[in-house]
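Labels below follow one simple rule: chain letters A, B, ... track the order of the sequence lines, proteins then strands, and each chain is numbered from 1. Values below: every heavy atom of this structure, side chains too, minus hydrogens, waters and symmetry copies. Keep in mind that this is a model prediction, so the values were computed, not measured.
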Amino acid sequence: MTTGKITEYVADGGPEDMPEDVLLRVNHLVKEFPIKRGIFFKSQVGAVQAVSDISFQVRKGETLGLVGESGCGKSTTARCVMRLLEPTEGQVYFRREREVATADGGTEVVSDVVDVASADAGTLRALRRQIQIVFQDPYASLNPRMTVAGIVSEPLIVHNVGTAQERLEKVKELLAVVGLSPEHTNRYPHEFSGGQRQRIGIARALALNPRFIVLDEPVSALDVSIQAQVLNLLQDLQEEYGLTYLFIAHDLSVVRHISDRVAVMYLGKIVEFAERDTLYDAPMHPYTHALLSAVPIPDPELERSRERIILEGDIPSPADPPPGCRFNTRCPIAVQGKCDVDEPLLTQMGEGHWVACHFPEVKKVF
Amino acid sequence: MSNGASGIDESIDAAEGISAEPVTQWDLFRTRLARHKQARIAAIFLALLFAIVFVAPFVTCAERDAYCGKLLEHPATQLRDPENGLLLVQNPPSTTRPFGTDDIGRDVLSRVIHGGRASLTVGLTTGLLVATVGTIVGALAGYYPGAVDQVLMRIVDVILGLPLLPVAIVFGSLVPQIPVLPAFLKEGAWVIAFLLGILLWGGLARIVRAEFLSLREKEFVEAARAAGSNDRRIIFRHILPNAMSPIIVATTLVVGTAIIIEAALSFLGFGVRPPTPTWGGMSAAGARVATKGFWWEFLASSSALVATVLAVNFMGDGLRDALDPTQTIERK
Amino acid sequence: MFAYIVRRLVYGVITLFVLSALVFMLVQFGGGSPLDRLRLNPRMVNVIQKLTVKYGLDLPLYQQYFKWLSGFVSVDRFVVLGASAWIGFGSVVAATAGLFFTKVKATWFRPARAFGVVAIWVSFFWFAKSRVDFAMDWGDSFRGDGPVWDLVFGAAGATFRLGVTALSLALIIGLPLGVFQAVRQYSFFDQVGTLGSFIAFSTPIFIVATGLQVVLAFYLERWTGLKLFFVVGMTQVGYGDLGRLAQMGDIFRHLALPALSIALISIAGYARFQRAAMLEVLHSDYLRTAKSKGLPRRTVLVKHALRNALLPIVTIVTLDVAGIIGGAIITESIFGWPGVGRLYIGAINAVDYPVIMAIVMVIGMGIVFMNIVADILYGVLDPRVRYE
Amino acid sequence: MSDVLLAVDDLRTYFATEEGVVRAVDGVSFTINRGERRGVVGESGSGKSVTAMSIMGLIEPPAGQIVTGAIDFDGLNLLELPEDEMRKVRGGRIAMIFQDPMTSLNPVYTIGQQLIETIVLHQNVSKSAAREIAAQSLADVQIPYPASRLDDFPHQFSGGMRQRVMIAMGLSCNPELLIADEPTTALDVTTQAQILDLMLALADDRGTSVLLITHDLGVVAGFCDTVQVMYAGGIVESGSASDIFYDPKHPYSWGLLGSMTRLDAAQMHRLNSVRGAPPSVINLPEGCRFRPRCDFALDVCRERLPLLGPSDVEGHTVACHRAAELDLKLVTSEGAPR
């Protein structure tokens, strides 16, 4: 694990130098899962580092796409940002807004930066009104024993917002906003299709008027036509309410469609980070090349004329990551003695374009 | 948040795929349970049984040890029928005594009715005890992994490692003789119920723990946590309602087991002591005379026992079908 | 794997410790002193005095317990007659070690090796039985029936015969029943089988036992004059004078009813479990693969489905051992079978605590042992299982 | 090469469930030529997999039943074939690969045992010869150390490797038709590329016809010569890959293509989505099944189910009442002519 400062990296730093337009700054985040063994009582014998020292920041109003294959640590990152998992190391700074009493008896909204990762229970609870999450599986993310009203109003109840009547009104409003019939408040999740359930999940996330929503693979379990509906809805909501998204996905074409900037993860590390069009049109990391070239495009002529970069082998186990560059075991351009020894750091290659590779090279893949 | 959802995707056709009337969990449960024919019959049978066993003795004059009518009228010296000189004990079933009389002339039917009390008391009390203790322990172990879980599960391992019947026999025969125990605990059914509760909660605790372990990782629980819910709300609003089906099903199995073990103990003479009637005890008494041709007492008491346990098990099976979440009508 | 077995063993020992302490305390609190009966006789004061000292009944409870415990784990006598037993032991150890260091890369080898080792050891014990006189110091029966070890192991053989027969019956009948039910799911046969299982599952053993006794022995003889089965004991009087075939017949006529009454509930349980296991496998993806390869239905069912569906039954059977022992206790007292169960009931009635303790512990050890056997078996049969 | 290998005619496969009869496949007809790679696309519940299972004869009564139809495979009517004849076809002449490689191999047998079993069954060779063939077929799917990996169990392979084993098993008997049911859906995108490449090379090499079932239009674009689009148990459009992708004539195919986010396209503001959700397969709408979601529906669409018919392009068929008059290329996402 590198604990050294990632030089010049945009997000590196504490809360004091966090620019006004940045909403979330993840700073050297590490998440380890212990491997426990023992004959009688289990004790830790090792750790799987799901997220190894990553840093990035999300600007107000933008969508940051976090993309990678299964096991790369993107969902763990989401859960650490939400503090659904306790980060092992690192900070998650969030620029919160709160109402404070002014001297003349009124209130004003002030913003300050707090570390989600170390916030105490009360602060965290208050933060949950501003940070929300939408999950991947529309079947597992709704409590089957609760009505739609119960599910959508839960955040309101937990935060003591309004009376029961007001909450019901709010639920109906939210259902209308996500394109469901407001009449369906007393239905149970099993009565809805996958796409409709995902809309219920979005309504729940919107209930407390959050400013920041983590979208953890929100469309990957849906059929194509439904996927498009939900993506459109998410974009409309962002526009309407000025939301900021952290969009996590494995589907690079979906990420291209919705994100402003994109971070590519491999085995717990960010390997490339860039503006959307830069990343897709001029990717520099060999893993990004392979990933992009592997995504099929629904265009027969283009698809048949493309050159595929086929990676050898499988992703190594995160419990035992290879030394040096984590991609060196599968990298087509890896140099022995360099890539399997030195770990490349994220380095700026252009305006807002950061790459962690010893031999970066622009390559068009379609 | 304004209602002006301008640019929002056109609202999904309200009627699409959604029935006019909301279908509640209770509706689903009821229709599925009603579809299970044996469970329906079992439910009716158990309801009737409860009424008869717990209510009938108060509203009718059927006494527990009602003797053959003639015996009541005549002094005990006249045990023979004056007309044909036959013994008045061990009368086979007749219209006045539908289940006959036993070896000292008591009416078997009224004893079967009274004997049901021990079985049902033990079944229900043990079930309740096991459900409570097992759920609490399992929930604690499943929700708080680490030291709490490890210690509780080691205790469960030990409890489940005990040989059930031999230990129950020792308990049943010796616990009522411990001088310091309060009197009500020494009395027949209660002590058995209590002891079986202690011996049987381990299995349920394991089931509940497994449920909690898997449910606490579910996305809807994470969503509740992300909304700011505290542990109490997550346990009672989110996890427990979803863990209820295995708890209920396992509890019905425990009820059946407890009834059988109580009967076995009473049969062996280590359970509820005579003269209090129990189905197990009556089966033992009936078995002794059945090989002499007096089959009715054994048949009556054992049939009552089997029918009751069967009904409980059918209920469990019906509940399993009705509560199984995998049987939810998924629209995919 | 080794560490896993060690862990199971330690848990087993803890369980046995708790079990012995629990039963010991209960017997002391609830049972009173076994000498209480003698107290009724005023002339027995001296005898009581002597016996109290002899059995250490005047000591504090925990000292009595540890006195019993140290006796329980110590060897009373161990005599090996002749050198052949030692030679046999050496060669068995050598054979086991040899088998374990042999490496053959084939799927049949691991199970074959495991069964080979078991077979070698079983045959060794069979051989050593007559040449080794071995006993633990489990004290003497308070009822004056002699050393507890001899009592319990005299009875254990009878219970073993009954239990093994019942278990075999349950496996031979229950497993195929469940498999056929699953293969013909929802057929008439399946529905009848399920109903039958439910009824058998809900019928206590004492009812089955008494019912069989009354119908198949008593009424059958009364109505037809046929005496097919015996209802008391293991063999009839004059067994030793019978011919070999007649002896086997006699054993069968005594064994059939008690064994069947123990087995019935297990048959129902195994059938239901096997049906569920088989159905799960029948709906699995790999079975679809097997069918899509064009394998004959028989091969699909036997080679691909049954092999997988039999795996979980190992656990069920071992868990059921406690149930079979419990069933034996009841059945033995109904059929007058001179086994551990009948001994146990007698000991409880007489508050003969050395015997009670010994039997409870033997049963407990049997259960612990079977659990470990189940884990090892599972590891041998399922290639996916690697215990940490 | 244009001789027909497989001809499916008016296939209807229904399932009886407690809620009612599921018409999973309801009147499907198509043909596959030798060497053709045919893609079947559609969303979940459109009947793609059931079509494949019907061809393989894996629909098990009483729950599922092929109600009518004919499946002609190289002159054999598969629906009438006696079971032991069908077994020779299944796995020998038609092989199938399934979606989830993690559960599709029997966990208690080695890879070698499972491969050899198939080879011995269909090729009439000795066990040792079969082992050679098995090792060769593992080598063909580029599994390193094939001879020694034959003795490994499925759990010792990764997901991608298991799917290679499935392909090796499918192709070990040189089938004429390979049915691949979502073979890469459970895999990561880089693994998917490996597997598709491999399948393409092997099928090309041997001239195997392939029926590839997928919901991913991108996969079809790279892999298939011809495509059929399925919706609610029926085929709505069929034609060459370029016909379907560049000139869709059915509003559903058009909508599906418009719903796709594309790697090579900069952000469009909105995707041209198909509204609503697929109908319940138990209560199919009257008339055209796509009608409730269709922007172009007329009264006639409510009355009659449109049949798959020819269009102005040779070999491009479509099931839409308005196919002739609509020119979907002119329709933008903003407005649809009613």
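Here the straight-line distance linking atom CD1 of B:I259 with atom OG of C:S202 works out to 10.0 Å at 0.5 Å rounding. With rounding to the nearest 0.5 Å, the separation of CD1 in C:I330 from CD1 in B:I169 is 6.5 Å. Remark: C:R7 CZ to B:D157 CG distance equals 9.5 Å, nearest 0.5 Å. In this structure, the separation between OG1 on C:T15 and CG on B:L160 is 9.5 Å, given to the nearest 0.5 Å. Between the CD atom in B:Q38 and the CG atom in C:L195 there is a gap of 6.5 Å [rounded to 0.5 Å]. Residue B:L310 holds its CG atom at 5.5 Å from CD1 of C:I199, rounded to the nearest 0.5 Å.
Heavy atoms closer than 4.5 Å to chain C are found in both the backbone and the side chain of B:F171. Proximity to chain C involves both the backbone and the side chain of B:S302, based on heavy atoms less than 4.5 angstrom apart. Using a 4.5 Å cut-off between heavy atoms, B:F314 contacts chain C through both its backbone and its side chain. C:I359 does not touch chain B: none of its heavy atoms, backbone or side chain, sits under 4.5 Å away. When heavy atoms are compared at a cutoff of 4.5 Å, C:I367 approaches chain B solely by way of its side chain, counted from C-beta outward. Neither the backbone nor the side chain of C:L16 comes within contact range of chain B, judged by heavy atoms closer than 4.5 Å. Both the backbone and the side chain of C:T203 come within contact range of chain B, judged by heavy atoms closer than 4.5 Å. Both the backbone and the side chain of C:L19 come within contact range of chain B, judged by heavy atoms closer than 4.5 Å. With a 4.5 angstrom heavy-atom cutoff, C:L22 touches chain B only via side-chain atoms.
A heavy-atom distance below 4.5 Å is found between the side chains of C:F206 and B:L305. C:Y11 has its side chain out of reach of B:V158: every pair of non-hydrogen atoms, C-beta onward, lies at least 4.5 Å apart. Side-chain contact between C:I325 and B:P163 is absent, with no heavy atoms from C-beta onward closer than 4.5 Å. Inter-residue side-chain proximity for B:V306 and C:P204 is flagged as met; some heavy-atom pair is nearer than 4.5 Å. Contact annotation: the side chain of C:I207 never approaches that of B:F267 to less than 4.5 Å [non-hydrogen atoms, C-beta and beyond].
No more than 12 heavy atoms of other residues, nucleotides or ligands lie within 6.0 Å of CZ in C:F201, so this atom counts as exposed by the packing criterion. Crowding of C:K227 atom NZ: a count of heavy atoms from other residues, nucleotides or ligands under 6.0 Å exceeding 12. Within 6.0 Å of CD in C:E280 there are 12 or fewer heavy atoms belonging to other residues, nucleotides or ligands.
When every heavy atom of B:A287 is checked against every heavy atom of C:T210, the shortest pair comes out as CB-CG2, 3.2 Å.
The candidate with the highest count of non-hydrogen atom pairs below 4.5 Å against chain C, out of B:V312, B:L164, B:I159, B:D317, is B:D317. By number of non-hydrogen pairs under 4.5 angstrom with chain C, the leading residue of B:A264, B:S283, B:G286 is B:A264. With chain B as partner, the option from C:V18, C:V23, C:I348 having the largest number of non-hydrogen pairs under 4.5 angstrom is C:I348.
Between the side chain of C:Y344 and the main chain of B:P166, a donor-acceptor pair closer than 3.5 Å is present.
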